[in-house]
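Chain letters run A, B, ... following the sequence lines, proteins first, then strands; residues in each count from 1.
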Amino acid sequence: MNMEHSNKDSIRDAIFDLVYDELPHEKALETIDLIREDKELWSYYQQMKKDKELLDKAGFKEADGFILENARGKLFDKLASEKKSGKIIDFTNVVKQKYEKGFIAILKYAAVIAVTIFASQAYFTKDLKTTLPIQNSPFVEEQDQINPVAYDRYENTLDLDRYNLSDVNVTRQGEEVTLEFDVSTRKIVKGKQDDPNIVYTLDQIMRDQNNPAIKLRTMKVLDEPRDAKLQNSLISVMLNDDNPAVRRKAFKVLTKGAITEDVKNSLMKLIKNDKDSNLKIEALEILENYDKSLAKSAVSDVSKDSELYEFKSILNDK
Amino acid sequence: MLSEQLLIEKAIKGDERSFEILIKSIDRKILNLLLNILKDEDEAMDAYQETFIKVHKNLSKFNLESSFFTWVYRIAVNTAYSDFKKKQKVQSRTAEFDVRENESLLNIADNHDGIDGEVYDRKQRIIESEIEKLSYQQKSVVYLKSYEGKKFREIAEILSINVGTAKKYFHRAVQNIKKKVYETEEV
């Protein structure tokens with residue numbers, strides 16, 4: 001009797017494994033043969049299958065592409081900054097271990113000398129700049145306001161390579177945009193979005209940066225771009241960036257307000273070539289609001305991604 | 001296409017590109033796991049970051065003969081567990097939190113409605129709500145088994161428990177959910 005009982009228990013265990021795909025094929029067939037003969041075990045098996053179906057209704061969440069790209073952007077940013085600070089720690093540790101106490105004093109003197117050189121260099125650079133035929137430096141110390149000047153005059157004076165753009169912090173308060181470069185330089189560009197300094201800097205970031213997180217952060221503060229050059233940079237990002245979240249964000253910025261001919265044409269290119277079918281559909285919907293005939297000609301490019309547009313495409317053919 | 005082992009070896013030597021490829025091959029699954037266990041997007045994002053920073057820092061300690069995937073999963077589950085414990089402490093202090101939790105549960109249900117346009121039936125809500133009430137261990141086993149379709153052997157390895165315990169957690173979780181569903185159906 002006990003033997004029979006324990007045998008049934010072990011068969012129940014096997015049923016559990018069978019239902020949850022834990023058994024190798026041969027063993028699974030063997031178990032099915034065993035339980036088929038026994039009414040009680042068979043109903044136990046059926047019940048367990050029902051229980052399993054309950055969990056199929058669990059509706060687990062899945063991360064969408066945007067969240068994933070955002071998480072990746074933040075992670076690689078963080079790793080880059082940790083790597084940078086890690087190197088400094090490694091260096092000081094090596095030095096510390098090698099030379100112990102006596103060398104710390106020398107290091108302190110070296111630090112004082114370095115700060116003095118850095119400060120005097122900054123002072124002379126500032127002097128040099130005032131000799132140039134430009135009245136306002138685009139890089140000013142915190143809280144200083146930049147006055148708008150002619151765009152072209154700034155083109156050759158900004159050298160963003162001098163600054164670590166991976167740490168740039170872009171914020172916006174009302175109409176005012178602030179771009180704060182890495183903390184060590186304490187350089188800030190501040191002004192309205194249309195301010196030539198701001199436009200130039202934003203444009204540089206959009207054109208030169210490879211880091212998707214920085215591009216996303218920068219575009220976050222943008223309204224519809226009124227400057228043609230910045231608009232062109234955004235169009236290029238929307239059409240060519242490798243990162244789908246960045247392309248989508250550029251699309252959102254470019255279509256915030258009334259769209260220009262250039263944007264319309266770039267939307268056509270996006271609809272034709274982008275890999276993100278949802279973005280293509282959104283672009284087509286925007287285009288439909290502005291230029292019905294252009295949108296009509298683009299429907300066929302979206303039809304393979306969407307049942308609705310497949311239907312529209314068929315109607316167009318008729 | 002480089003093999004996983006080669007990528008790991010290169011990443012250990014400091015090749016950032018190899019590390020990036022390695023991460024991108026598994027991070028979607030890790031983020032899904034964290035989203036479902038922590039039920040909060042921001043917390044999941046933080047735990048994601050923390051997980052991969054730990055992976056980066058400890059990569060040289062990884063035993064090349066074991067599964068990289070399982071190793072990262074284990075780090076993610078443990079990272080999420082510390083966040084989960086912190087969250088539990090806060091929850092136990094404020095009754096208000098429970099109300100918000102229930103609201104967020106309803107929000108999840110509503111969002112699901114919006115995304116899929118499917119009828120989000122009562123039974124499903126009960127099941128999700130019961131999963132939410134499970135212990136951290138039970139919840140992890142249920143997710144890894146039902147969503148990821150992992151074998152109990154792998155789940156046990158990820159959670160550093162034995163296979164029997166993993167099965168027991170799962171079985172109990174199913175029993176709890178089932179009980180609640182049938183009780184409600186009777187009403």
Side-chain angles (χ1 to χ4, degrees), chain A residues 9-10 12-24 44 47-87 89-90 166 210-213 242-244 278 307-308, chain B residues 14 16 19-20 23-24 27-36 39 41 44-53 55-57 108-109 111-112 115-116 118 120-121 123-128 130-131 142-143 145-149 151-153 163-164 167 170-171 173-175 177-178 181-182:
Chain A
D9 277 350
S10 71
R12 281 196 186 94
D13 288 346
I15 291 173
F16 178 86
D17 288 341
L18 172 70
V19 170
Y20 291 102
D21 304 323
E22 293 282 319
L23 291 182
Y44 182 79
Q47 181 59 48
M48 194 151 272
K49 279 207 309 189
K50 270 191 185 172
D51 295 350
K52 190 191 175 205
E53 279 165 21
L54 278 182
L55 287 175
D56 293 339
K57 282 181 166 286
F60 291 108
K61 281 171 114 184
E62 204 167 320
D64 66 34
F66 184 78
I67 297 176
L68 185 66
E69 284 306 328
N70 198 5
R72 281 176 178 168
K74 282 184 183 170
L75 172 70
F76 292 117
D77 263 5
K78 174 99 177 163
L79 285 174
S81 70
E82 288 215 344
K83 194 184 167 194
K84 219 171 69 181
S85 59
K87 269 183 182 167
I89 291 164
D90 286 349
S166 66
N210 292 322
N211 186 331
D242 289 337
N243 188 307
N278 290 330
E307 221 172 276
L308 170 71
Chain B
E16 293 298 327
F19 182 72
E20 196 179 322
I23 296 311
K24 286 185 175 173
D27 67 342
R28 182 182 284 275
K29 286 195 168 188
I30 297 293
L31 189 57
N32 283 342
L33 165 83
L34 296 168
L35 273 173
N36 283 290
K39 294 280 176 200
E41 211 171 280
M45 295 268 276
D46 289 347
Y48 165 98
Q49 203 177 97
E50 215 179 308
T51 298
F52 286 111
I53 285 170
V55 169
H56 190 258
K57 279 182 183 161
I108 290 167
N111 287 340
H112 200 284
I115 294 164
D116 290 343
E118 287 171 2
Y120 204 65
D121 66 18
K123 195 189 257 183
Q124 195 161 353
R125 278 176 195 245
I126 296 162
I127 294 167
E128 285 191 10
E130 285 310 300
I131 289 179
V142 165
Y143 174 80
K145 185 69 196 167
S146 303
Y147 186 74
E148 292 276 349
K151 300 278 182 209
F152 282 112
R153 184 182 40 78
V163 179
K167 284 185 179 177
F170 185 80
H171 185 69
V174 174
Q175 292 307 310
I177 296 166
K178 189 170 103 174
V181 169
Y182 293 155

Practice problem: Give the member of B:Val142, B:Ile53, B:Asp46, B:Ile177 that has the highest number of heavy-atom pairs under 4.5 Å with chain A. | Solution: B:Ile53

Self-check item: Working for side chain to side chain contact (heavy atoms under 4.5 Å, CB included), residues B:Tyr48 and A:Leu75
Solution: CA-CA 8 Å; B:Tyr48 165 98; A:Leu75 172 70; 4.0 Å; yes

Quiz item: So does B:Glu148 have more than 12 non-hydrogen atoms from other groups sitting under 6.0 Å from CD?
Solution: yes

Quiz item: Considering only heavy atoms, which portion of B:Glu16 lies under 4.5 Å from any heavy atom of chain A: side chain, backbone, both, or neither?
Solution: side chain

Exercise. Could you check which of A:Lys74, A:Lys52, A:Arg72 has the highest count of heavy-atom pairs closer than 4.5 Å to chain B?
Key: A:Arg72

Exercise. Check each atom of A:Gln47 against the heavy atoms of chain B and say whether the ones under 4.5 Å are side chain, backbone, both or neither.
Key: side chain

Quiz item: Where on B:Lys24 is there a heavy atom nearer than 4.5 Å to chain A: the side chain, the backbone, both, or neither?
Solution: both

Quiz prompt | Closest heavy-atom pair and its distance - A:Ala71, B:Met45 | solution = CB-SD, 3.7 Å

Quiz item: Measuring heavy-atom distances to chain A, does B:Tyr143 have an atom under 4.5 Å in its side chain, in its backbone, in both, or in neither?
Solution: both

Quiz item: Which value, rounded to the nearest 0.5 Å, describes the distance between B:Ile30 atom CD1 and A:Leu68 atom CG?
Solution: 11.5 Å

Quiz item: Given A:Asp17 and B:Lys167, is the side chain to side chain contact (heavy atoms under 4.5 Å, CB included) satisfied, shown in steps?
Solution: CA-CA 9 Å; A:Asp17 288 341; B:Lys167 284 185 179 177; 2.8 Å; yes

Quiz item: Atom CD of B:Gln49 and atom CG of A:Asp77: how far apart are they, to the nearest 0.5 Å?
Solution: 8.5 Å

Quiz prompt | Rounded distance (nearest 0.5 Å) linking atom NZ of A:Lys61 with atom CG of B:Leu33 | solution = 13.0 Å

Quiz item: In terms of heavy-atom proximity below 4.5 Å to chain B, should A:Phe76 be classed as side chain, backbone, both, or neither?
Solution: side chain

Quiz item: Taking B:Lys151 for the side chain and A:Asp21 for the main chain, is one N or O donor matched with an acceptor at less than 3.5 Å?
Solution: yes

Practice problem: Indicate the ring-plane relationship of B:Phe170 and A:Tyr20, choosing parallel, tilted or perpendicular according to the 30° and 60° boundaries. | Solution: perpendicular

Exercise. Please state whether the side chain, the backbone, both or neither of A:Lys78 comes within less than 4.5 Å of a heavy atom of chain B.
Key: side chain

Exercise. Please look at B:Ile131 and chain A and tell me whether the side chain, the backbone, both or neither of the residue comes under 4.5 angstrom of a heavy atom of that chain.
Key: side chain

Quiz item: Side chain, backbone, both or neither: which part of A:Leu54 has a non-hydrogen atom closer than 4.5 Å to chain B?
Solution: both

Quiz item: At a heavy-atom separation under 4.5 Å, does B:Ile23 approach chain A through its side chain, its backbone, both, or neither?
Solution: side chain

Quiz item: chain A heavy atoms under 4.5 Å from B:Glu20: which part of the residue, side chain, backbone, both or neither?
Solution: both

Quiz prompt | Test side-chain contact (heavy atoms from CB on, under 4.5 Å) applied to A:Asp13 - qualifying residues, sequence neighbours left out | solution = none

Quiz item: In Å and rounded to the nearest 0.5 Å, what is the NZ to CG distance from B:Lys178 to A:Leu55?
Solution: 11.0 Å

Self-check item: salt_bridge(B:Lys145, A:Glu22) N-O dist < 4.0 Å
Solution: yes

Exercise. Side chain from CB out, backbone as N, CA, C, O: work out which of these in B:Asn36 comes under 4.5 Å of a heavy atom of chain A, or both, or neither.
Key: side chain

